[in-house]
Amino acid sequence: MEIAIAFLGGLGLFLTGLKALSTSTKGLSGPWLRKAVAAGTRGPLTSGLTGLLVGAVTQSTSAVTIVASGMVQSGLLEVRRALPLLSWTNVGTCGVVLMASLNPQTVAMVLVGVAGVLAYFRIDLRGRLAPLLGALLGLGLLFLGLGMMKAGVTPLRDVPAVAAVMAGEHRWLLPPFVVGALIAFVSQTSSTATLIALAFTATGLMSFDQTVMAIYGGAVGSGFAMLLAVAEMRGTARRLAQYQVLWRCIGTAVFLLLYLVERMGVPLVMAASEALSHTLAFRVGVLALLFQAGTA
């Protein structure tokens, strides 16, 4: 019962933070984002750098895709200039996963503290920083919830039935892929699936291979969620959402193939993530970054 209560409380904080972050990123996706997209998409290199920046700031590929689709629909942006932007926006969203892989509790305290102090003393530039403060608070609550979920499920490692399942981890690679896809589809972001998998991996309840499957599944699920977000758009603008689906599905297919090759003894992505990381949690963040950047 205590495990269920702790996990439920952590999940509640996580979802509250996710909702606050989503609401705040809509505020961040105002005129400045349209200006940044218009000014920063003059060539492939600048489009990629702009995508990396706006992805890191908004942490939402959906928001950037919707803004870019609207600009394409109104003739303010060409499709060929929008594609590098969207590809590297996905890479920029890995920032939150990398932060969570370091020390979510410490990061959460810093974010909530900064947001609280700025809000209390009304240091928000007459409301212009309100969306940013909301995003910081949302991220803080998200990381706090992640830490609570991690602490709540840790005792499950000592349950014999769970230990037996973990002993045959390689027989359980499809379920994490499917669950990751469903979580990403419902939440409309692949980062959610990655963060939840990160919490379970850090406690030893998921193997690294299972986490890899959850990350790849999350990419596919969030791609199809993107189609729903732009369901009312037609023509050229809708092509950007279709591009995101193809981008994720093709990237996932390629990296699944690399995974199978690596299982045969050829060091590739998994080996690279291990070489670049110092902890298991950070290895998850590195692999998510390699996946997004490699696909881009």
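By convention here, the first residue in the shown sequence is residue 1.
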### Message
Are V179 and L18 connected into the same hydrophobic cluster when the rule is that any two of I, L, V, M, F, W, Y join if their side-chain heavy atoms are below 4.5 Å apart?
### Response
yes

### Query
Of all heavy-atom pairs between A108 and G140, which one has the smallest distance, and what is that distance?
CB-O, 3.3 Å

### Query
Will you find, in the side chains of W247 and T295, an N or O donor that is under 3.5 Å from an N or O acceptor?
no

### Message
Tell me the closest heavy-atom pair linking L98 and V286, and the distance in Å.
### Response
CD2-N, 4.0 Å

### Message
Please say yes or no: joined through hydrophobic side-chain contacts below 4.5 Å, possibly via intermediate residues, are V186 and M213 part of one cluster?
### Response
no

### Between CG on residue L52 and OG on residue S87, distance to nearest 0.5 Å
11.5 Å

### Query
Heavy-atom distance under 4.5 Å between the side chains of L111 and L137, does that happen here?
no

### Message
Below 30° counts as parallel, above 60° as perpendicular, anything between as tilted: where do the rings of F291 and Y216 land?
### Response
tilted

### Query
Does the pair V72 and R239 meet the rule for a side-chain contact (heavy atoms from CB on, under 4.5 Å), with working shown?
CA-CA 10 Å; V72 167; R239 286 171 59 190; over 6 Å; no

### Task
Find out if a path of hydrophobic residues (ILVMFWY) with successive side-chain heavy-atom gaps under 4.5 Å connects M149 to L13.
no

### Task
Would you name the heavy atoms of G218 and S190 that are closest together and state the gap between them?
O-CB, 3.5 Å

### Query
Taking only residues two or more places apart in sequence, or in another chain, which ones meet V220 in a side-chain contact (heavy atoms from CB on, under 4.5 Å)?
F177, F224, C249, T252

### Query
Do F208 and M270 come close enough that some side-chain heavy atom pair is under 4.5 Å?
yes

#### Entry: Option among T194, I196, L280 that satisfies the side-chain contact (heavy atoms from CB on, under 4.5 Å) test with T201
L280

### Message
Measuring from atom CG of L85 to atom OG1 of T46, what distance do you get when rounded to the nearest 0.5 angstrom?
### Response
9.5 Å

### Task
Answer yes if V212 and L258 sit in the same cluster of Ile, Leu, Val, Met, Phe, Trp and Tyr residues linked by side chain heavy atoms under 4.5 Å apart, and no otherwise.
yes

### Message
I need the minimum non-hydrogen distance between A100 and F143, along with the two atoms involved.
### Response
CB-CE2, 3.4 Å

### Donor-acceptor pair, side chain of E262 and main chain of A271, under 3.5 angstrom
yes

### Message
Would you say that Y259 contacts V269 through its side chain, given a criterion of any heavy-atom pair below 4.5 Å between the two side chains?
### Response
no

### Query
Should side-chain heavy atoms under 4.5 Å link Ile, Leu, Val, Met, Phe, Trp and Tyr, which residues sit in the same cluster as L45?
L49

### Within-4.5 Å side-chain heavy-atom neighbours: S222 and Q188
no

### Task
Using side-chain contact (heavy atoms from CB on, under 4.5 Å) as the criterion, list what pairs up with L83, not counting sequence neighbours.
V79, L240, Y243

### Query
About how many Å separate OG1 of T50 and CZ of R42, when rounded to the nearest 0.5 Å?
10.0 Å

### Task
Would you please test L144 and F14 for side-chain contact (heavy atoms from CB on, under 4.5 Å) and show each step?
CA-CA 7 Å; L144 280 175; F14 180 88; over 6 Å; no

#### Entry: From OG1 (T279) to CG (L102), nearest 0.5 Å
7.5 Å

#### Entry: Side chain proximity check, T61 to L86, heavy atoms < 4.5 angstrom
no

### Summary
Closest non-hydrogen contact found for A193 with G180 is CB-O, 3.5 Å

### Message
To the nearest 0.5 Å, what is the distance between CG on L198 and CE on M206?
### Response
10.0 Å

### Task
Start with the C-alpha distance between Q292 and R248, add both sets of side-chain angles, then the distance that settles side-chain contact (heavy atoms from CB on, under 4.5 Å), and finish with yes or no.
CA-CA 9 Å; Q292 299 287 9; R248 286 166 164 76; 6.0 Å; no

### Message
Which heavy atom of L290 sits nearest to which heavy atom of S273, and what is that distance?
### Response
CD1-N, 3.9 Å

### Query
Do V91 and I215 share a hydrophobic cluster (ILVMFWY, side-chain heavy atoms under 4.5 Å, transitive)?
yes

### Task
Before giving the answer on side chain to side chain donor-acceptor pair (under 3.5 Å), spell out for S47 and R81 the whole-Å C-alpha distance, their side-chain angles and the decisive distance to 0.1 Å.
CA-CA 7 Å; S47 294; R81 291 165 54 196; 5.8 Å; no

### Query
When rounded to the nearest 0.5 angstrom, what is the spacing between CZ in R283 and NE2 in H278?
13.5 Å

